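Note that this is a predicted model, so its numbers are computed, not measured.
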Amino acid sequence: MHGARRWTVAAGLTALLVLVAFVPVVAATPDGTPHRAGAVDAAGASSGGTVEGTESAQIGSQDGIPSEQVADGETITVNQSFALTANNSGSVDVRLRYAIPDRVRSLETTLPENATVTRTTGFTRVNGTTYEWDGESATPTLAYRRNPNETLDRSGPESAAGRYVGVDAGEWALFTRSATPTEWTYVGTTPVTFRRDIHTVGPGAAGEWLVYLGTGTTTERTANDQTIRLVVPDRASMAESPDSVLSSLSNASNALRVGDRDERVFVVAAPTGTNVTWGARGYQVGDADMWVKDDERLDTAENIWLHEYVHSRQAFRPTSRTRWLVESSAVYYAAALTLEQDRIDFDAYRSRLGAGADPVYDGIILAAPSTWEESADYYRGPLVAGRIDEQIRLPTNDERTFQDTMRLLNGRERPVTQASLLSAVERAGGEQARTLAANYTGSTATVRMWNESRHAAVFGQLPARIGYALPAGDNRSAYRVDGQYRDGPIGGEMPIQLVVGETLTVDAIVRNAGGTEGQYNATMDINGTTVTTAGGRIEPTTTRVVPLSHTFATPGQYTLSLDGTNVTVLVQRPARAEVTDIAVSSRSARAGSEVVVTAMVTNTADIPAAGRVVFTRDFERVTDRQVYLPPRNSTELSTGIRLPEPGDVLVAAGSADPVTITVTPAATTESTPTPTPTPVSGTTTPRTTSTDGPGFTVALAVLALALGTLVASRRR
């Protein structure tokens, strides 16, 4: 039985560990700082998604609540604890303890309708179920008591004799936590996110939505990038060993290549040897939380353990015309995977699927639920899914299967219409597969079960089972950045922080776990929109790394997705590079010369920075230089500045303090005047010194003048 699946309904950019867009300004502080808004858990347990904000839940512990809880400045943390109520069967105690960053300006939370508040600290009541933070307490607390008993009224092959799907049995309890919608406003451009940590006080365990209180044992198995945690209460009497259940689930995790593989799966064996009358054989809630009755077996075509696990791999939202696909695909794959695991024979498999050919279903149309008889989605639907699977496999030689259709549907952001279902079938198996699917789902066409020889011919060999995944966030070299700021590994810290214009390259992981070579198409989505695809052939039992790149042109918080695995990418505008110091080649110079000015440019931010450094002379621009810096980095920029006039000149770069340069007049060259000889009578023969002299010295000139005077006197 498919419980309340969590759908993410973000009003912008969303993600798992869910990413969020920058949201509209809704208010402003007195100084004009914008208020922004966020909210989580707004749609209740049936959606559990985020509207604006980020929510993640951790697997609960048995160690109680940490005594200290501190917000990290960017994340609101709520520690939600659950405890059995002493001597009071039919209720559990719940405590919400918030840690609120300084940037949050208001916060409001809504409790369940059946909650009885027992204590509040830092909250005031707004109305019957809504409480508002007082804005002062850093760790406000709400404590309340609620009835966890939950019933349903439903018939069908997955239903049980009773009605309960959540119960407090006194010494133990198994139930789905209620939603506690939380809304907040904050200041700043970086979103304030939200994290929910779920704990049990005393013995117990918790998933994202499902909570078990009481004693028991826990076993884990990690495979195919999933950790499956199985909780067996002390009051449970397992029909199968925990190891067998985990083996079957792990095998299914590997065999199902339909995307939406959650990192953690939380499973509880619901005790049946008590006075509790369960209303279902199994119940799946949230993304990957489920309980299955402890007496359910693995060696049956209805394998409820696998049935509920298949539900955890369904991320699509059906419309009324595709509603049949939810239970039909769970029944079909539970039977098919159990057959592949050799836990049943073909006769058991054929008996289960062949029930859909009973004449009671001759008048039903799967795409028209109003025509359904006798749980048609549990019987006619699985047979139709098998026939569509067959028609996809035949023309593709088992390279494509119905799993490819499911993967395409899981990748859709919008609800799956009949048209989109048929389109996905055609993309996987071609036009004939589409025609068959349209006929079998949209009309009363007769559907027959195939025999064993046909099954061996079509389904016998393991098909190509191609799956895709993003590398682990702590794999630094698997995430690389390229751009004008930097070039190299950037993984290791989440979210990945980029600035506008940078290109992120991810080493996508492609695995073929099947027995046939196949065609892969690794498709990377950003906020549900395909941005890049790489394809090729991949051999069976092979893993390949395929680089996928995307350049982010606008700021925002993005969800990068590949086949159900997600990574947060935060894109911001670059920080501002600042000139922190300048140096000059000399503090004095001659007019007409140059002085070299060197600017130390620094980026103190955790993201890349850019800037244009302007060099000035007496506060007038001389030249400028563009600079790009990696996070927490610095560089030097130098340029020559000419000093044309004498005097004190101020040179500077950026916002750094200017430096005074003393400029002296330009150097001059002094020349000796050439003497003019006095004219004399008579003739003289000029004498020169050696070739090193000027040719006619001053002394000789004086002697010649004296001789000339003497001769003139004698003549008189």
Side-chain angles (χ1 to χ4, degrees), residues 1 3-4 6 45 48 57-65 79-86 88-95 112 145-151 160 162 164-179 196-221 227-240 242 245-246 249 262 264-296 304-305 308-309 312:
M1 175 174 293
R6 189 185 76 173
Q58 303 298 324
I59 296 298
S61 74
Q62 299 183 12
D63 300 327
I65 307 168
N79 195 305
Q80 186 168 16
S81 67
F82 297 87
L84 291 171
T85 303
N88 191 353
S89 177
S91 65
V92 294
D93 286 326
V94 187
R95 188 177 85 163
R145 184 168 290 176
R146 59 160 288 222
N147 184 352
N149 294 329
E150 184 180 358
T151 61
Y164 285 101
V165 291
V167 67
D168 174 20
E171 64 182 64
W172 61 271
L174 176 58
F175 57 93
T176 301
R177 74 168 177 88
S178 296
R196 184 187 304 274
D197 295 328
I198 302 176
H199 300 269
T200 64
V201 178
E208 181 188 12
W209 284 91
L210 201 61
V211 180
Y212 168 70
L213 301 177
T215 58
T217 58
T218 300
T219 310
E220 288 188 355
R221 180 79 60 84
T227 297
I228 303 173
R229 186 182 187 190
L230 174 62
V231 178
V232 180
D234 285 347
R235 295 300 299 269
S237 298
M238 294 286 287
E240 303 282 358
V245 171
L246 289 173
L249 294 174
D262 299 281
R264 294 182 179 272
V265 179
F266 183 71
V267 188
V268 180
T272 57
T274 65
N275 57 356
V276 176
T277 54
W278 295 106
R281 298 168 65 184
Y283 190 71
Q284 191 267 326
V285 63
D287 280 344
D289 288 8
M290 66 192 76
W291 61 254
V292 177
K293 289 172 58 183
D294 59 9
D295 58 0
E296 290 294 336
I304 302 301
W305 297 97
E308 301 306 330
Y309 175 77
S312 77

Report summary line: On a heavy-atom basis, the closest approach of Arg177 and Glu208 is NE-O, 3.0 Å
Query raised in the report: Does Thr272 use its side chain to pair, donor to acceptor, with the backbone of Lys293 at less than 3.5 Å?
Result: no
Report task. For side-chain contact (heavy atoms from CB on, under 4.5 Å), just list the numbers for Ile198 and Trp209, CA-CA rounded to whole Å, side-chain angles, deciding distance to a tenth of an Å, and then say yes or no. Result -> CA-CA 9 Å; Ile198 302 176; Trp209 284 91; over 6 Å; no
**Report entry** Gap separating the CG atom of Asp287 from the CZ atom of Phe266, nearest 0.5 angstrom
**Finding:** 14.5 Å
Report task. Please test Val265 against Tyr309 for side-chain contact (heavy atoms from CB on, under 4.5 Å), starting from the C-alpha separation and ending with a verdict. Result -> CA-CA 9 Å; Val265 179; Tyr309 175 77; 4.3 Å; yes
Report task. For the pair Gln284 (side chain) and Gly286 (backbone), establish whether a donor and an acceptor sit closer than 3.5 Å, ignoring hydrogens and angles. Result -> yes
Report task. Check step by step if side-chain contact (heavy atoms from CB on, under 4.5 Å) holds for Trp172 and Val276. Result -> CA-CA 11 Å; Trp172 61 271; Val276 176; 4.0 Å; yes
Report summary line: Nearest heavy-atom approach of Arg146 to Thr176 is NH1-O, 3.3 Å
Query raised in the report: How many angstroms lie between atom NE2 of His199 and atom CD of Gln80, to the nearest 0.5 angstrom?
Result: 10.0 Å
Query raised in the report: Of all heavy-atom pairs between Ala269 and Pro233, which one has the smallest distance, and what is that distance?
Result: O-CD, 3.0 Å
Query raised in the report: When rounded to the nearest 0.5 angstrom, what distance separates CG in Leu84 from CG in Leu213?
Result: 4.5 Å
Report task. Examine distances only and state if a side-chain atom of Asp168 and a backbone atom of Ala173 form a donor-acceptor pair shorter than 3.5 Å. Result -> no
Query raised in the report: Yes or no on side-chain contact (heavy atoms from CB on, under 4.5 Å) for Tyr283 and Leu210, after CA distance, side-chain angles and deciding distance?
Result: CA-CA 10 Å; Tyr283 190 71; Leu210 201 61; 5.5 Å; no
Query raised in the report: Is it true that a side-chain atom of Trp305 and a backbone atom of Glu296 form a donor plus acceptor pair closer than 3.5 Å?
Result: yes
**Report entry** Euclidean distance, Arg229 CZ relative to Arg264 CZ, rounded to 0.5 Å
**Finding:** 8.0 Å
Query raised in the report: Could you give the distance from OG1 (Thr85) to CG (Asp93), rounded to the nearest 0.5 Å?
Result: 3.5 Å
Report summary line: Taking every heavy atom of Glu308 against every heavy atom of Val292, the minimum-distance pair comes out as CG-CG2, 4.1 Å
Query - Student check: side-chain heavy atoms of Met238 and Val245 closer than 4.5 Å - result: yes
Requested in this report: Please confirm whether the backbone N or O of Gly166 pairs with a side-chain atom of Trp291, one donor and one acceptor, at under 3.5 Å?
Outcome: no
**Report entry** Value rounded to 0.5 Å, distance of CD1 in Ile228 from CD in Glu220
**Finding:** 10.5 Å
Query raised in the report: Which atom pair, heavy atoms only, marks the closest approach of Trp278 to Pro271?
Result: NE1-O, 2.7 Å
Query raised in the report: What's the shortest heavy-atom distance between Asp234 and Thr217, and which atoms?
Result: OD1-N, 4.5 Å
Query - Under 3.5 Å side-chain donor-acceptor pair for Asp294 and Ser237 - result: no
